[in-house]
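Inspection log for the structure reproduced underneath, given as structure tokens.
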There are 2 protein chains.
Amino acid sequence: MQLKKCCDDNFTAHLRRVYISSEFTDAPSYFVKRFNLFLSGKTAGESKSDMQTENEEEEDASVEEYVALTNYTGSGSDQLSFSSGDTLLVHSKPSSEWWWAELKGDIGYVPASYLRQDAAAAAAEEEEEEDEDPWQDEEYFGSYGKLRLHLEMLSDKSRTEAYRQVILSNSASLRNKVVIDLGCGTGIISLFCAQLAQPSEVFAVEASSMAEYTRQLVKQNGCEAVVTVLQGRAEEIELPERVDVLVSEWMGNCLLFEFMVESVLVARDRWLKEGGVMWPSSATLTLVPCQANSYYAEKMAFWEQPYGLDFTPLQPLAQQEFFTKPKFSHLIEPDDCLTTPCDVLCLDMYTLQVKDLEEIKGQFHFCLEKSGVFHGFTAWFTVHFESLETGGATVELNTGPNSEPTHWKQTLFMLDRPVSVFAGDSISGNILLRRNSVWRRHMTVTLHWSINSSTEETDTTQVGTKSFPMWR
Amino acid sequence: MQLKKCCDDNFTAHLRRVYISSEFTDAPSYFVKRFNLFLSGKTAGESKSDMQTENEEEEDASVEEYVALTNYTGSGSDQLSFSSGDTLLVHSKPSSEWWWAELKGDIGYVPASYLRQDAAAAAAEEEEEEDEDPWQDEEYFGSYGKLRLHLEMLSDKSRTEAYRQVILSNSASLRNKVVIDLGCGTGIISLFCAQLAQPSEVFAVEASSMAEYTRQLVKQNGCEAVVTVLQGRAEEIELPERVDVLVSEWMGNCLLFEFMVESVLVARDRWLKEGGVMWPSSATLTLVPCQANSYYAEKMAFWEQPYGLDFTPLQPLAQQEFFTKPKFSHLIEPDDCLTTPCDVLCLDMYTLQVKDLEEIKGQFHFCLEKSGVFHGFTAWFTVHFESLETGGATVELNTGPNSEPTHWKQTLFMLDRPVSVFAGDSISGNILLRRNSVWRRHMTVTLHWSINSSTEETDTTQVGTKSFPMWR
């Protein structure tokens, strides 16, 4: 057997943070789960039945009701299977990823990410909030203290050149302006400002320990007269004055994931002058129904007859493991789009409020331009940077399949089963991004769709709904 | 900013286990570290100085001496930097990855993987062994309970077809033989036996929860009369009889990593008949000095002038983050080999003993066939399967650059600095694989080399040593 290497450096470069990484969630969470049990005084050798007993004894004290967001097929004898809509009783939360729960008399581990708190129970419980940091800031900022993620971002030319272009094309207007670069990382945007324009002051704000190096880089490039590095969170830093421009690269997968945008909105309200400029100024989420033949073949069809054997009993497991969460870092071929993409959300960075982030809903209506297999939806985002000058050209960073690939690539939401579709069929529905009420960097994306056939004698409609945790 | 997706499914597929994955060690370990602190009663908001104080108070109780295996540059203010050979006093071990240590009066976190216990101190300490499972079996077998790793192994055609070929070409001799398939995973090798030959019995042994599915697959393929699935560890299972053939796919990166081989040796001694056959029968580790221009450019040279800025202050951090550990999943171009590869180790699976695994040493002497840049060494392995019939053909699975790529790919050991070399120069030295004395699935690979120049007027020799933890 072999090892565990994951990311091919020459090809991928997509992790920005890892602790909740899509393809790797399982093992680390397992690790954490076991490690917790160990730390809480259980040795690795302790039997599951011991744990079970202990948990059962505690059950009356703290049982909570949760509702399953989607189906789950447990793997191994210590996990529960459940269906969308089931009400589970959570007895204990030995780790943030795996909870110990009961369903119809059975008891076992369940992935916390598949559950949503029962609304009625939630209200009662808000009082007894846990100690744990719902932002998971220690991990979040810890990972940005490492070089890997910064290298990935800097190596993404589309991304970095877009910000460079914004500074360059606004260089005259930036003269004597005060800028805040929020979550500056290595400080590249601040350095672009100092190098390409003549702002009076740039506040480069970074919460992670990378800030120490950012200071060195500012000095090394002779920019210390213009750029001031502040290590701290957007919500906590203090500036001597308000700013003319707030620039930040806050976008995550499916635009909002990680919700760094909240810090940007808070900083805007605290520090942006009236009439000041936000970069990006607006952001759009785009969706398209698509084929995903090779991904489907690789993860699902593979089990049909590998080496002449019938491995189909593993297909439910495969669906669970590969299609329940979105596939980050998908690179959709333009040819795999079944029709023209559709913008489903548009956020105005001037008027967007933190509370708006809790639930964001968008609609779509597609008329298919070709026949094929409908495997799922692919999403990506575009951000726009307005010019400081009235009538100046807007800079755009588009992460879709018709632009140069970025490190975000696209996000694929696979249906449980492929559907054959035909040119002229229509697919309409809506997308709901629901921010996790406990883990504030996470969300669940729910897609509702209906397919209206154009080819049948009588009109037929197929409807579907699927929720994708990202990641709790 | 963005997210954390890691592995591109279409391209990589190399993780077999993740909790110690090469590219991902940092963030998960950070997560675990923080999580531990949280679990041990510290809230996420607690300041570092609080932790420091607490650790300092404990110092007299349990301080241990460790020796640094290699240089380390701390990132952030809470990590210590140290040099190879430094003696560090470890005050506490809040997680398996990060320890709290002292060096010359400074105190901070250090990566446990860079330290080796002082030999004298080690003896005294063996008594007070910790509770923690040094095999980390819970994580190890837990990860094999997921489909992802099995899919990766089965999708590796070179690997799986090699085993299929072994069964097929020995099908006549396997008639009425008793076979054990150790760590059978989904049971593919056992199913090959039942499908292609007529053994009297195959014991398919799997410790992870995948065994439940393996039973279903055996049934689905109508092989339950021949194949018996046993869930358990090699060290613990009981068979009704000894076996004629022990087949297993136990190889890890750099051949030995994860040390599943130990279980194979234990099973051999417990269950293989006198005169029985081991598949594989022998294993070879091969090394070559090589160029790695694109990897070097991507991780190190990148910082020289990205977007016209000087980011060289990050290069020490880059060396630390990217070149300290081996790069798993390297795909070396045959053209990047500076000369003909050399076998440095050969293990005989009949005579190899568990104790032999503690320290394995190999020698090399290369005469460079071309001029170029010596960036490091690349390693891979080959295993051989002897025929059951005397004089029958041996089957070989070669994971080197001149064979079809496998999911193991190759392992790259980068020097700290590239060295220009010339055709005719010689590179000689040795490789030492030292199994970790605490974490039994891990090892440290130490390379010693000397380069003798053929082009200088006077003979010059450059020598070097570097230790690569894999992963503690």
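Chain naming here is simple, since letters A, B, ... match the order of the sequence lines and numbering starts at 1 in each.
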What residue in B:Asn221, B:Thr186, B:Ile188 has the most heavy-atom pairs under 4.5 Å with chain A? B:Asn221
For the candidates B:Gly187, B:Pro306, B:Ala318, B:Pro313, which exhibits the highest count of non-hydrogen atom pairs separated by less than 4.5 Å from chain A? B:Pro313
Do [X] and [Y] have side-chain heavy atoms sitting under 4.5 Å apart?
{"X": "B:Lys299", "Y": "A:Arg148", "value": "yes"}
{"X": "B:Trp303", "Y": "A:Leu147", "value": "yes"}
{"X": "B:Met210", "Y": "A:Leu317", "value": "yes"}
{"X": "B:Leu191", "Y": "A:Tyr307", "value": "no"}

Residues forming a side chain to side chain donor-acceptor pair (under 3.5 Å) with B:Gln165, sequence neighbours excluded: none
A:Leu314 side, atom CG; B:His150 side, atom NE2 - distance, nearest 0.5 Å: 9.0 Å
Would you compute the distance between atom CD of A:Gln220 and atom CG of B:Leu309 and round it to the nearest 0.5 angstrom? 11.0 Å
What part of [X] is in contact with chain A, defined as an atom under 4.5 angstrom from a non-hydrogen atom: side chain, backbone, both or neither?
{"X": "B:Phe302", "value": "side chain"}
{"X": "B:Lys219", "value": "neither"}
{"X": "B:Asp310", "value": "both"}

